[in-house]
2 protein chains.
Amino acid sequence: MSTKEKLVSRALELFNENGIEYVGMRELAADLKMRVGNVTYYFATKDDLVIEIINRLRDLNSKTIEADCSSITSFLSMYRQLFNNQYQYRCLLLSFVHLVSRHPSFAGNYAATDARRREALRSHITSMIKNNCLSTSLIADHVELVVSHITLISRFWISEARISYANWTLEQTIAHYLNLLGEVLFPYATVEGKKQVDDFRKGK
Amino acid sequence: MSTKEKLVSRALELFNENGIEYVGMRELAADLKMRVGNVTYYFATKDDLVIEIINRLRDLNSKTIEADCSSITSFLSMYRQLFNNQYQYRCLLLSFVHLVSRHPSFAGNYAATDARRREALRSHITSMIKNNCLSTSLIADHVELVVSHITLISRFWISEARISYANWTLEQTIAHYLNLLGEVLFPYATVEGKKQVDDFRKGK
DNA sequence: TGCTAAATTAGGACATTGTCCTAATTTGTT
DNA sequence: AACAAATTAGGACAATGTCCTAATTTAGCA
């Protein structure tokens with residue numbers, strides 16, 4: 001593993017454990033038995049290191065989102081994977097607002113990602129409508145609100161879990177928020193769709 | 001206005017404008033044309049100052065939540081007030097996760113507040129059922145999920161707005177998230193309840 | 001009016017942080 | 001062997017929260 005790779009992966013571990021702002025450059029360097037100068041050789045600033053990690057999560061999620069979502073079952077499975085990705089990079093989700101507020105470059109970058117995510121979500125909903133899992137008449141005027149809803153949940157579930165469900169296991173937590181996603185879709189689901197939501201809940 | 005009062009209210013302003021972690025003790029003192037020593041005379045640490053602000057928001061929200069919520073209309077009006085309170089103290093909401101993670105005393109304190117908030121929400125739902133705005137049969141197995149839902153929205157709407165809707169006006173933003181709340185209740189609303197949700201949306 | 005405690009000034013010290021810098025040394029590749 | 005990349009070594013800088021002491025002003029009270 002290259003030095004750069006070691007840096008990123010160890011930084012991610014430490015950031016996840018202690019929070020980004022509580023892991024100093026000196027601490028990271030010492031942990032890897034190297035000098036601060038060598039860290040800044042690869043990443044001039046701490047933000048550059050964080051951006052590298054952000055990009056990795058973005059790429060990971062992009063792949064996950066490409067998965068087939070023709071049924072509510074597969075949609076929720078895809079989100080289970082997405083939630084696991086986010087947990088792997090939880091330090092980012094927990095510092096998200098600060099990261100975006102701090103530097104405009106983050107913000108601009110994220111706006112594009114955000115738009116793509118929403119567009120993908122709309123296409124997933126269309127797909128579930130086509131496959132008779134969601135009722136086109138029921139959801140008609142509510143698509144944008146459902147999209148906003150799911151976006152909000154998937155952005156902040158980790159933050160809320162940290163605050164309110166710190167003693168839950170990861171599996172419990174993810175199950176809870178997948179249930180919440182199911183709850184959002186349920187009112188607009190067809191009979192078949194409702195069955196899939198119920199089965200998914202029982203399946204855990 | 002007492003010095004302590006000046007301190008708290010100016011700190012809140014500066015925290016809201018620039019973020020808690022970007023307003024230093026020296027900066028706050030200089031802004032008020034006093035010395036750092038005098039700030040620490042009232043608040044030994046910056047966290048103590050933040051805790052004072054946290055408690056003020058808590059008290060403000062506690063009063064707001066006592067309001068009558070026998071209809072969906074009044075429920076949403078109450079949340080409009082709640083959202084305005086939160087906006088007044090937005091610096092806290094934006095740094096919430098960090099604040100709670102940082103010091104265990106925050107976390108323990110908040111757990112109690114959180115439990116009370118959820119309990120109040122349950123009682124509001126019961127109230128809306130009694131007044132024939134929510135259907136008891138429809139919402140039966142979904143109360144806890146609805147509670148989780150509303151809790152999530154009211155905790156993180158400010159964070160998401162900062163990230164995604166920074167160019168919206170406050171009114172637009174609050175309207176959007178009140179719509180989202182309406183959306184959560186809508187599927188479980190009676191005919192009268194659905195009418196109230198629709199009216200509330202049109203009313204803005 | 002005087003006394004006394006509270007409030008405030010003034011200024012510095014300390015450790016920690018991210019960042020930046022230079023010079024010397026090691027490592028790896030051609 | 002030569003040369004660039006990688007790494008060490010150590011320090012400097014400004015900013016932060018916190019802590020400290022001494023002196024001075026302000027305000028309430030007998």
Side-chain angles (χ1 to χ4, degrees), chain A residues 1-55 91-92 94-107, chain B residues 1-54 91-92 94-106:
Chain A
M1 193 155 51
S2 71
T3 304
K4 188 171 180 177
E5 204 50 37
K6 272 187 223 163
L7 256 173
V8 174
S9 77
R10 187 60 184 144
L12 178 58
E13 283 178 25
L14 291 175
F15 288 169
N16 278 336
E17 282 169 28
N18 305 107
I20 295 175
E21 45 271 22
Y22 299 108
V23 180
M25 298 291 264
R26 294 170 178 79
E27 188 185 343
L28 174 60
D31 182 279
L32 288 164
K33 289 168 178 50
M34 55 173 73
R35 301 286 142 163
V36 178
N38 205 24
V39 177
T40 66
Y41 179 78
Y42 291 99
F43 299 101
T45 72
K46 190 178 174 180
D47 276 349
D48 289 331
L49 177 53
V50 173
I51 289 177
E52 169 70 24
I53 295 176
I54 288 179
N55 288 337
C91 60
L92 296 181
L94 291 168
S95 298
F96 202 54
V97 186
H98 286 95
L99 292 175
V100 174
S101 315
R102 184 157 54 225
H103 228 25
S105 79
F106 287 160
Chain B
M1 191 155 53
S2 71
T3 305
K4 189 171 180 176
E5 205 48 37
K6 273 187 225 162
L7 255 174
V8 174
S9 77
R10 188 60 184 142
L12 178 57
E13 283 178 24
L14 291 176
F15 288 170
N16 278 336
E17 281 169 28
N18 305 108
I20 296 176
E21 45 274 20
Y22 300 108
V23 180
M25 299 291 265
R26 293 170 180 82
E27 187 185 343
L28 172 61
D31 183 277
L32 287 164
K33 288 167 178 50
M34 55 172 72
R35 302 284 142 167
V36 178
N38 206 23
V39 177
T40 66
Y41 178 80
Y42 290 99
F43 299 100
T45 70
K46 189 176 171 179
D47 276 349
D48 288 329
L49 177 53
V50 173
I51 290 178
E52 170 70 23
I53 296 177
I54 288 179
C91 62
L92 296 181
L94 291 169
S95 299
F96 203 53
V97 185
H98 287 97
L99 293 174
V100 174
S101 314
R102 183 158 56 226
H103 229 24
S105 80
F106 287 160

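Throughout, a chain's letter reflects where its sequence line sits, starting with A, and its residues are numbered from 1. Not measured: the values here are computed from a predicted model.
Judged by distance alone, with hydrogens and angles left aside, the side-chain atoms of A/S2 form a donor-acceptor pair with the main-chain N or O of A/E5 at under 3.5 Å. A donor-acceptor pair is defined here as one N or O able to donate and one able to accept, closer than 3.5 Å; no such pair exists between the side chain of A/N18 and the backbone of A/V23. Looking at A/T45, its side chain does come within 3.5 Å of a backbone N or O of A/D48 through a donor-acceptor pair.
Look at CZ on B/F43: it is 16 Å from C1' on C/dT8, rounded to the nearest Å. Atom NZ in A/K46 sits roughly 14 Å away from atom C1' in D/dT16 (whole-Å rounding).
When each of D/dT8, C/dT8, C/dC20 is scored by its nearest atom to the side-chain atoms of A/T45, the top-ranked nucleotide is C/dC20.
Summarising the geometry of A/I20 relative to A/K46, their closest heavy-atom pair is O-NZ, 2.8 Å, with the distance given to 0.1 Å.
In terms of position on DNA chain D, the residue among B/G37 and B/Y22 whose nearest nucleotide sits closer to the 5' end is B/Y22.
Side-chain contact check for B/L7 versus B/L28: some heavy-atom pair is nearer than 4.5 Å.
Between A/N38 and D/dA6, a side-chain N or O to OP1/OP2 separation shorter than 4.0 Å is absent. For A/R35, a side-chain nitrogen or oxygen approaches OP1 or OP2 of D/dA9 to under 4.0 Å. Taking 4.0 angstrom as the limit, A/T3 places none of its side-chain polar atoms (N or O) nearer than this to OP1 or OP2 of D/dA6. A sub-4.0 Å separation between OP1 or OP2 of C/dA7 and a side-chain N or O of B/Y41 is present.
Of the residues in residues 4-21 of chain A, none has a non-hydrogen atom less than 4.0 angstrom from any atom of DNA chain C. Within residues 23-31 of chain B, the residues having any heavy atom under 4.0 Å from DNA chain D are, by residue number, B/V23, B/G24, B/M25, B/R26.
To the nearest 0.5 Å, atom CD of residue B/E21 and atom SG of residue B/C91 are 9.5 Å apart. Atoms CG and CG, on B/L92 and B/L12 in that order, are 7.0 Å from each other to the nearest 0.5 Å. Put simply, CD1 on B/I53 and OG on B/S9 are 9.0 Å apart, with the number rounded to the nearest 0.5 Å. Rounding to the nearest 0.5 Å places CE of B/M34 at 12.5 Å from OH of B/Y41.
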